[in-house]
Chemist: 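Mind looking over this structure? Questions follow.
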Amino acid sequence: MARAYAWYTTALYTAVNAPSPRNLIQIIVGGLRPIESEPGPIMPPFGVVLTDGQIASLTTYIRARYSAQPAWSGVATEVRNVREGKAGS
């Protein structure tokens with residue numbers, strides 16, 4: 001039986017190393033599901049249980065811990081933009 005999920009190293013995720021925090025924030029807020037019947041990463045949505053400040057802190061921590069790229073600026077603003085459905089900055 002094929003697994004419906006797969007484990008990936010966080011440091012390899014494009015969202016963690018991207019020039020903008022938007023994709024990582026969207027994953028934290030909305031979760032992540034693999035394509036049906038294919039293995040892939042799974043993460044439940046945390047947007048309903050975490051505050052904007054907690055999401056901003058988590059996003060900043062993940063970037064610092066799992067990327068060699070410099071820290072993102074404007075993370076709190078980007079969290080608000082994602083929550084409000086505004087276009088990326």
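All residue numbers refer to positions in the sequence shown, counting from 1. Just so we're clear, the structure is a prediction, and the values are computed from it rather than from any experiment.
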Chemist: What's the separation between atom CD1 in Ile27 and atom CD1 in Ile62, rounded to the nearest 0.5 Å?
Modeler: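 These two atoms lie 9.0 Å from each other.
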Chemist: Can you tell me how far the CG atom of Leu58 sits from the CD1 atom of Ile55, to the nearest 0.5 Å?
Modeler: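 Leu58 atom CG to Ile55 atom CD1 measures 8.0 Å (nearest 0.5 Å).
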Chemist: Go through it in stages, so that I can follow the logic: the residues are Arg22 and Asn81, the test is side chain to side chain contact (heavy atoms under 4.5 Å, CB included), and I'd like the CA-CA distance, side-chain angles, deciding distance and then a yes or no.
Modeler: CA-CA 9 Å; Arg22 186 171 186 84; Asn81 288 342; 3.9 Å; yes
Chemist: Is Arg83 salt-bridged to Asp52, cutoff N-O under 4.0 Å?
Modeler: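 Yes, charged N to carboxylate O under 4.0 Å.
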Chemist: Are Val16 and Gln69 side-chain neighbours, meaning at least one heavy-atom pair lies under 4.5 Å?
Modeler: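 No. Closest side-chain heavy atoms not under 4.5 Å.
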Chemist: Is the closest side-chain donor-acceptor distance between Arg80 and Thr77 under 3.5 Å?
Modeler: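 Yes, side-chain donor-acceptor contact under 3.5 Å.
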Chemist: Between Asn17 and Ala68, which heavy-atom pair has the shortest distance, and what is it?
Modeler: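 Looking at all heavy atoms of both residues, the closest pair is OD1-N, 4.4 Å.
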Chemist: Could you tell me if the side chain of Trp72 sits less than 4.5 Å from the side chain of Thr59, heavy atoms only?
Modeler: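 Yes, their side chains come closer than 4.5 Å.
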Chemist: How far apart are the C-alpha atoms of Asn23 and Thr14, what are their side-chain angles, what is the distance that settles it, and do they pass the side chain to side chain contact (heavy atoms under 4.5 Å, CB included) test?
Modeler: CA-CA 9 Å; Asn23 287 343; Thr14 303; 5.9 Å; no
